[in-house]
Amino acid sequence: MVLQIPNQELLAPYLQVPIAAPLLDINFGFARARVLDTAIELKLFTHIAGGAHTCSALATVAGCNVQALQILLDALVGLELLQRKREAYSLSALAAVYLVEGQPGYIGSHLSAVMEQWDTWGNLTEVMRTGKKQLRRDWGSPEGREQDPGMFTHLFPLVFPAAWQAASQLDTELQGRVLDVSAGSGAWSIATALRHPQVEIIARDEPGLLPDLHEQVTRFGLQERILLQPTQLELRSLPSESFSLVIVGHVCRFKGARKSQALLRECYRLLQPDGKLLLADVMPNDERTGPAAALMIGLSLFLNSQEGGVFTTTQFHTWLRATGFEQIKELRIGPLPLLLASR
Ligand SMILES: C[S@@+](CC[C@H](N)C(=O)[O-])C[C@H]1O[C@@H](n2cnc3c(N)ncnc32)[C@H](O)[C@@H]1O
């Protein structure tokens with residue numbers, strides 16, 4: 001029998017095209033996020049760490065249907081968060097560090113806070129059509145932030161490695177007072193205090209976020225050197241030229257362009273001559289073509305805040321120069337850019 005190959009025009013749209021896998025990955029990404037969220041909600045990783053290794057043991061402690069849970073556990077093995085040998089499930093290295101409650105690296109409450117945006121993202125098409133966002137909570141407002149403490153204060157394990165390295169690149173002779181403008185988890189304050197035993201730090205944030213911060217500072221025994229201050233006490237009330245270092249860690253994208261520039265001016269006023277400003281944020285490249293995570297965070301801030309957004313390194317350079325800062329250095333630590341500017 002002679003094989004009848006149809007003409008090229010008919011075949012080409014199916015055969016001479018890029019494979020669709022990346023599209024399917026994006027499309028089904030929501031299900032992966034949901035699997036992780038449910039596993040955190042059911043405390044599966046914590047229960048496994050506590051000794052419940054089989055599906056039936058896990059179903060008992062987590063209060064689940066055995067047949068349904070079996071399928072979820074298999075999916076978690078597929079996602080490389082669990083491993084299975086015969087009937088026994090164990091944690092992957094990633095899950096053991098970040099997903100077990102009570103461990104220092106636990107970020108489950110942060111991941112759950114991120115998932116609180118589920119319905120907000122469900123309205124994305126509508127927001128695009130109308131241009132009107134339906135803010136369930138505004139991350140740029142103090143009340144909005146206090147509703148989601150996990151979003152801001154439970155990030156310590158994610159921020160601390162970069163903060164530790166950045167602190168090691170500061171002048172070894174650093175002395176005097178340091179201001180951590182919105183301390184959140186305290187990662188920058190704690191790393192700086194540990195690396196520079198001569199400094200005293202004022203770490204500020206919303207009153208609702210300070211208890212978590214206090215707990216973290218106390219864990220490191222730094223409560224004598226890191227003084228917590230609620231943000232109701234305006235920066236304006238602090239004396240000029242009284243800090244050797246001001247830290248602005250992952251704050252500007254929540255504030256938006258106008259308030260960020262005002263904040264930088266205030267930081268300049270607070271710094272002593274020769275003082276340094278350390279600025280960390282998520283920054284897309286100048287053409288705003290990547291990294292993908294930065295652009296997605298830009299969209300997230302558009303949806304979740306009145307004025308927030310992501311700004312490029314060049315935008316920050318321009319703002320810092322306009323404020324009077326000189327010698328702006330880019331420290332490359334980890335995947336995120338860090339700027340160190342001198343007054
Ligand atoms: C992602 S957390 C970063 C916390 C910490 N600096 C760090 O890098 O881990 C964002 C911080 O910015 C603060 N923040 C958000 N929006 C703000 C605003 N409009 N004004 C002042 N602070 C704000 C939050 O309270 C929170 O501490």
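Worth knowing before you read on, the calculation uses all heavy atoms, side chains too, and leaves out hydrogens, waters and symmetry mates. Both ligands and their constituent atoms are indexed starting at 1 by order of listing.
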Review point. Ring centroid separation for Y98 and F45, is it under 6.0 angstrom?
Key: no

Could you list the donor-acceptor pairs under 3.5 angstrom formed by side chains in residues 182-193, with sequence neighbours left out?
unit_1: S185; atom_1: OG; unit_2: A187; atom_2: N; d: 3.3
unit_1: S189; atom_1: OG; unit_2: D180; atom_2: OD2; d: 2.7
unit_1: T192; atom_1: OG1; unit_2: W188; atom_2: O; d: 2.6

**Study point:** Exceeds 12 heavy-atom contacts within 6.0 angstrom, atom CD of E80
**Key:** no

Review point. Any side-chain donor paired with an acceptor under 3.5 Å for H317 and E330?
Key: yes

Revision key, fill the gap. Distance filter under 4.0 Å, heavy atoms only, around ligand 1 gives W139, G140, R145, F152, L155, V159, S182, A183, G184, S185, W188, D205, L209, G249, H250, V251, F254, K255

Practice item. Assess the side chains of E126 and Q134: does a donor N or O sit below 3.5 Å from an acceptor N or O? Key: no

Exercise for review: Establish, yes or no, whether a centroid distance under 6.0 Å links the rings of F325 and F316.
Suggested key: no

